[in-house]
Amino acid sequence: MLESPNFDMPLAEAMRTQRAIRRLKPDPVGDALVLRLLDLAIRAPSGSNAQSWEFIVVRDPGIKKAFARIHRRTLRTYRWARRGAAPPTARRRRIMESVYWQADHFEEIPVIVVACLKGFYVPFVHVSATSYFGSIFPAVQNLLLAARAAGLGAALITVPLWNLPAARRILGLPWSVTPCAMIPLGWPIDPYGPTTRKPVREVVSFDRYGNRAPAPGEPQGRS
């Protein structure tokens, strides 16, 4: 565990190996390191450069316990709703095992960062919501990459915030501040490694949906 990392990991390596790490050790993470991560997080762009973010660093056992109850209750509802569904693939099963492990050990996570935004948006209005939440997730990704460079495990989660009134009450948030995401931080139990993703040609279109780039060896030029 390195509390004073130099953050000299090449950006491409951080991007290729940064993934959701949910199994975390209970070992402490110092305030100085957390603040350094958040200082890198807020270097991200935001809408109109408003920098309307707020970050709550949660260490209090009572607050973590309150969110743990919401987390586990919501996952039980999800599991009940999925009863009778087709069996998950092996990959999906591994992911869900780590999700449930995180929920079962939520109180033991040393640091939970809650990323929030000031201001208001109109619920269920697409333009309002996308413009509003678009100002926090670049900073969240910066935080995830900084955690990777520091050797910390991290993951973006939202389930404990699904009960928004309860989340506001637990954190003492005014109505002008909305919790958008949680990032549990800690020293990882599971090692980092290269991520597995679809080939880029399967998810990129040019000009219109479905107009894919040619595969190697195919004639150049797009239809």
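All values reported here derive from a predicted model rather than from experimental measurement. For the numbers below, each heavy atom of this structure counts, side chains included, while hydrogens, waters and symmetry mates do not.
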*pair Pro184-Val111: side-chain heavy atoms closer than 4.5 Å*: no
*asked:* Main chain of Thr77, side chain of Arg82: is a donor-acceptor contact present, judged purely on distance under 3.5 Å?
replied: no
*Would you say Tyr78 and Thr74 make side-chain contact, with heavy atoms under 4.5 Å?*
no
*Given side chains that start at C-beta, do those of Ser46 and Gln51 come closer than 4.5 Å, heavy atoms only?*
yes
_Do Ile183 and Phe137 land in one hydrophobic cluster if side-chain heavy atoms of ILVMFWY residues count as linked below 4.5 Å?_
yes
*Validation row: Glu97, Arg23 side chains within 4.5 angstrom (heavy atoms)*: yes
*asked:* Assess the residue pair Arg59 and Asp31 against the criterion (side chain to side chain contact (heavy atoms under 4.5 Å, CB included)); give the C-alpha distance rounded to whole Å, side-chain angles, the decisive distance to 0.1 Å, and a yes or no.
replied: CA-CA 10 Å; Arg59 297 184 183 277; Asp31 282 346; 2.7 Å; yes
*Say whether, by atom type as modelled, one donor and one acceptor occur between the side chain of Arg19 and the main chain of Tyr192 under 3.5 angstrom.*
no
*Using the side chain to side chain contact (heavy atoms under 4.5 Å, CB included) rule, take Val99 and Leu75 through it: C-alpha gap first, then chi angles, then the decisive distance, then the call.*
CA-CA 9 Å; Val99 167; Leu75 287 178; 4.0 Å; yes
*Heavy-atom side-chain proximity of Tyr132 to Val122 below 4.5 angstrom*: no
*Ring-face cation of Arg212 near Phe206 (centre distance under 6.0 Å, axis angle within 45°)*: no
*Compare every heavy atom of Val29 with every heavy atom of Pro110, then report the nearest pair and how far apart it is.*
CG-CG2, 4.1 Å
_Non-neighbouring partners of Ser98 that pass side chain to side chain donor-acceptor pair (under 3.5 Å), sequence neighbours left out_ = Arg22
*Closest approach of Ala147 and Leu37, non-hydrogen atoms and distance?*
N-CD2, 3.8 Å
*If only atom types and distance count, is the side chain of Ser135 paired as donor or acceptor with the main-chain N or O of Gly47 below 3.5 Å?*
yes
*Would a distance-only check, ignoring hydrogens and angles, find a side-chain to backbone donor-acceptor pair under 3.5 Å from Asn142 to Leu40?*
yes
_Member of His71, Arg73, Arg69 meeting the side-chain contact (heavy atoms from CB on, under 4.5 Å) criterion with Pro160_ = His71
*For Ile56 and Cys116, work out which heavy atoms get closest and say how close.*
CG1-SG, 4.1 Å
*Verdict with reasoning, Val177 to Leu117, per side chain to side chain contact (heavy atoms under 4.5 Å, CB included)*: CA-CA 6 Å; Val177 178; Leu117 278 174; over 6 Å; no
*Ring-ring centroid check Tyr121 Phe133, cutoff 6.0 Å*: yes
*asked:* Does Arg72 qualify as a cation-pi partner of Tyr100, given the criterion of NZ or CZ under 6.0 Å from the six-membered ring centre and within 45 degrees of its axis?
replied: no
_With sequence neighbours excluded, residues passing side chain to side chain donor-acceptor pair (under 3.5 Å) with Lys118_ = Glu54
*Does the pair Arg43/Asp39 count as a salt bridge with the N-to-O cut at 4.0 Å?*
yes
_Taking side chain to side chain donor-acceptor pair (under 3.5 Å) as the definition, give me every residue that meets it alongside Arg91, ordered by chain and number, with sequence neighbours left out._
none
*Roughly how far, to the nearest 0.5 Å, is OG1 of Thr89 from CE of Met96?*
11.5 Å
*Looking only at heavy atoms, which two atoms of Gln102 and Ile109 are closest? And how far apart?*
CG-CD1, 4.1 Å
*With rounding to the nearest 0.5 Å, note down the distance linking OG1 in Thr178 to CG in Leu164.*
6.5 Å
*Please list, chain by chain and in numerical order, all residues satisfying side chain to side chain donor-acceptor pair (under 3.5 Å) with Glu108, sequence neighbours excluded.*
none
*Which of these passes side-chain contact (heavy atoms from CB on, under 4.5 Å) with Phe67: Asn163, Ile112, Leu161?*
Leu161
*asked:* For residues Val58 and Met182: do they belong to one hydrophobic cluster (side chain heavy atoms under 4.5 Å, members Ile, Leu, Val, Met, Phe, Trp, Tyr)?
replied: yes
_I need the Ser128 OG to Phe120 CZ distance, nearest 0.5 Å._
11.5 Å
*Kindly give the heavy-atom pair with the smallest separation between Ala44 and Trp53, and that separation in Å.*
O-CH2, 3.2 Å
_salt bridge (charged side-chain N to carboxylate O under 4.0 Å, His left out) partners for Asp104, two or more places apart_ = none
_To check you understand the geometry: which heavy-atom pair defines the closest contact between Ala213 and Arg201, and what is its length?_
O-CD, 3.9 Å
*Stepwise side chain to side chain contact (heavy atoms under 4.5 Å, CB included) check, Leu171 with Val114*: CA-CA 9 Å; Leu171 294 171; Val114 186; 3.9 Å; yes
*Which residues pass the ring pair (Phe, Tyr, Trp, His ring centres under 6.0 Å) test with Trp101, sequence neighbours left out?*
His105
*Roughly how far apart are Leu143 CG and Leu152 CG, rounded to 0.5 Å?*
9.5 Å
*Ala154 backbone acceptor or donor facing Arg148 side chain under 3.5 Å*: no
